[in-house]
Amino acid sequence: MAHQSEELIIEALDVHKSFGDLEILKGISLQVRRGEVVVLIGASGSGKTTFIRCINLLEDIQSGRIRVNGQPMGYRERADGSLVRDSERNIARQRRDIGMVFQRFNLFAHMTALENIIEAPIHVLGVAREAALTQGRELLARVGLADKAGHYPSMLSGGQQQRVAIARALAMKPKALLFDEPTSALDPETVGEVLQVMKALAEDGMTMVVVTHEMGFAREVADRVVVLDQGELIEQGPPEQIFSRPVHPRTQAFLSRVL
């Protein structure tokens, strides 16, 4: 909380998303400020993952607005206020500001841990190879894997692969990181090592939006917990309020099942 500023990094306004006739997001509005850790919770199928994929434009929205750093994400605003889809080049440029860490680590199997981390800075940002290697080693040390630079993903545990994926996202120097259930594919004994890295990032002031079923992490690290249910944002507030004094009956029902 100490790191928070008033500057809006992510702003979603009345976001609607459907897959065919199935409406997944029913008018989600949410603001995330610099340095804030926002944790999204709710039952499976409530729209959490779809929502953060919309922030990063991995999914198109049907209506509403998403702004990142004050700019409409993936769209240009006409003088009359209507939106027109931006060029793929501009969308790619915007995505650099929003790192994404997935359930499945999506590492390149034919590259070492260090090579996975330096690939995008070199080829997307134009960073010189030596500078990228230096930064890559620093990031591996930051996630506790300084001795794994030459290891391929197949030689690493799930938790280690996810930490490499976090380092890879950090290599692009994003303004914010989105986490889509980053521990759900891990063995229980490796969950803690990933959550520890995420906790350290939060303490360093990284702006984060986290979809997770790890209620202990949400309680300990979140500045704000947001509850989604059936595509609607039904409640939000500080962790102690949401977990100890939830107001909405559907929040109470969800927490009674998972706590």
Side-chain angles (χ1 to χ4, degrees), residues 1-5 9-10 32 34-39 52 56 95-109 111-187 189-212 214 216-218 220-223:
M1 189 74 78
H3 300 286
Q4 262 182 262
S5 77
I9 298 295
I10 298 167
V32 181
R34 178 181 297 282
E36 191 176 17
V37 179
V38 174
V39 174
I52 64 166
N56 210 24
R95 278 204 187 110
R96 295 176 201 167
D97 284 341
I98 302 286
M100 184 101 176
V101 179
F102 300 90
Q103 292 180 41
R104 301 285 171 182
F105 328 115
N106 295 357
L107 298 177
F108 296 116
M111 293 183 180
T112 65
L114 184 57
E115 287 167 345
N116 265 282
I117 293 167
I118 68 174
E119 176 77 3
I122 290 173
H123 294 290
V124 178
L125 299 183
V127 175
R129 183 174 178 82
E130 282 308 310
L133 285 167
T134 298
Q135 178 192 237
R137 291 190 184 98
E138 289 170 353
L139 287 170
L140 280 172
R142 187 174 178 185
V143 299
L145 295 172
D147 59 337
K148 305 295 185 187
H151 286 55
Y152 290 90
S154 61
M155 303 160 69
L156 300 173
S157 71
Q160 290 169 337
Q161 290 184 62
Q162 191 62 292
R163 285 187 279 159
V164 172
I166 293 171
R168 180 181 59 181
L170 290 171
M172 296 296 284
K173 296 183 168 28
K175 299 284 197 308
L177 280 179
L178 309 176
F179 292 85
D180 180 17
E181 299 193 21
T183 60
S184 66
L186 302 180
D187 295 328
E189 62 268 23
T190 64
V191 167
E193 63 194 40
V194 173
L195 293 179
Q196 202 57 43
V197 168
M198 293 170 63
K199 184 179 176 184
L201 290 175
E203 290 169 351
D204 288 344
M206 174 59 73
T207 308
M208 296 161 59
V209 181
V210 183
V211 172
T212 187
E214 299 289 340
F217 174 84
E220 184 180 359
V221 180
D223 295 302

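All figures in this text were calculated on a predicted structure; none of them were measured in a lab.
When atom types are taken as modelled, the side chain of Asp223 and the backbone of Val37 share a donor-acceptor pair closer than 3.5 angstrom. A donor-acceptor distance shorter than 3.5 angstrom exists from the side chain of Arg163 to the backbone of Val143, with no hydrogens or angles considered. Remark: the backbone N or O of Leu145 is not paired with any side-chain donor or acceptor of Gln160 at under 3.5 angstrom. Side-chain N or O atoms of Thr212 include none that pairs as donor or acceptor with a backbone N or O of Glu181 at under 3.5 Å. No donor-acceptor pair under 3.5 Å is formed between the side chain of Thr183 and the backbone N or O of Leu186. A donor-acceptor pair is defined here as one N or O able to donate and one able to accept, closer than 3.5 Å; no such pair exists between the side chain of Glu36 and the backbone of Gly205.
The distance from atom CZ of Arg95 to atom CG of Asn56, rounded to the nearest 0.5 Å, is 6.0 Å. Once rounded to the nearest 0.5 Å, the distance linking CD1 of Ile117 with CZ of Arg137 reads 10.5 Å. With values rounded to the nearest 0.5 angstrom, Met172 atom CE is found 4.0 Å from Leu125 atom CG. Note that CZ of Phe102 and CG of Leu107 are 11.5 Å apart. Values are rounded to the nearest 0.5 Å. Atom OG1 of residue Thr207 and atom CD1 of residue Ile9 lie 5.0 Å apart, to the nearest 0.5 angstrom. A distance of 10.0 Å separates CD1 in Ile122 from CD in Gln135, rounded to the nearest 0.5 Å.
Contact of the Gln162 side chain with the Val101 side chain is registered, since non-hydrogen atoms from C-beta on lie closer than 4.5 Å.
Of the candidates Val194, Ile166, Val39, Ile166 is the only one forming a side chain to side chain contact (heavy atoms under 4.5 Å, CB included) with Phe179.
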Checklist line | side chain to side chain contact (heavy atoms under 4.5 Å, CB included) assessment of Gln161 paired with Val164 | finding: CA-CA 5 Å; Gln161 290 184 62; Val164 172; 5.6 Å; no

Next item on the list: Report the C-alpha distance between Leu170 and Leu177 in whole Å, list the side-chain angles of each, state the deciding distance to 0.1 Å, and finish with yes or no for side chain to side chain contact (heavy atoms under 4.5 Å, CB included).
Entry: CA-CA 8 Å; Leu170 290 171; Leu177 280 179; 3.8 Å; yes

Next item on the list: Quick one: do Ser157 and Glu193 satisfy side chain to side chain contact (heavy atoms under 4.5 Å, CB included)? Show the steps, please.
Entry: CA-CA 11 Å; Ser157 71; Glu193 63 194 40; 4.0 Å; yes

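Nearest heavy atoms, Pro153 versus Met111: CD-O, 3.1 Å. Taking all atoms of both residues into account, the shortest heavy-atom contact from Tyr152 to Ala109 is CD2-O, 3.7 Å. The shortest non-hydrogen separation linking Ser184 to Gln103 is OG-OE1, 3.3 Å. Between Ala167 and Leu139 the shortest heavy-atom distance is O-CD1, 3.5 Å. For Phe217 against Met198, the heavy-atom pair with the smallest separation is CZ-CE, 3.8 Å. Taking both residues in full, the closest heavy atoms of Ala202 and Val221 are given as CB-CG1, 3.6 Å, listed atom of the first, atom of the second, then distance.
Counting heavy atoms of neighbouring residues, nucleotides and ligands inside a 6.0 Å radius, atom CZ of Arg96 exceeds 12 of them.
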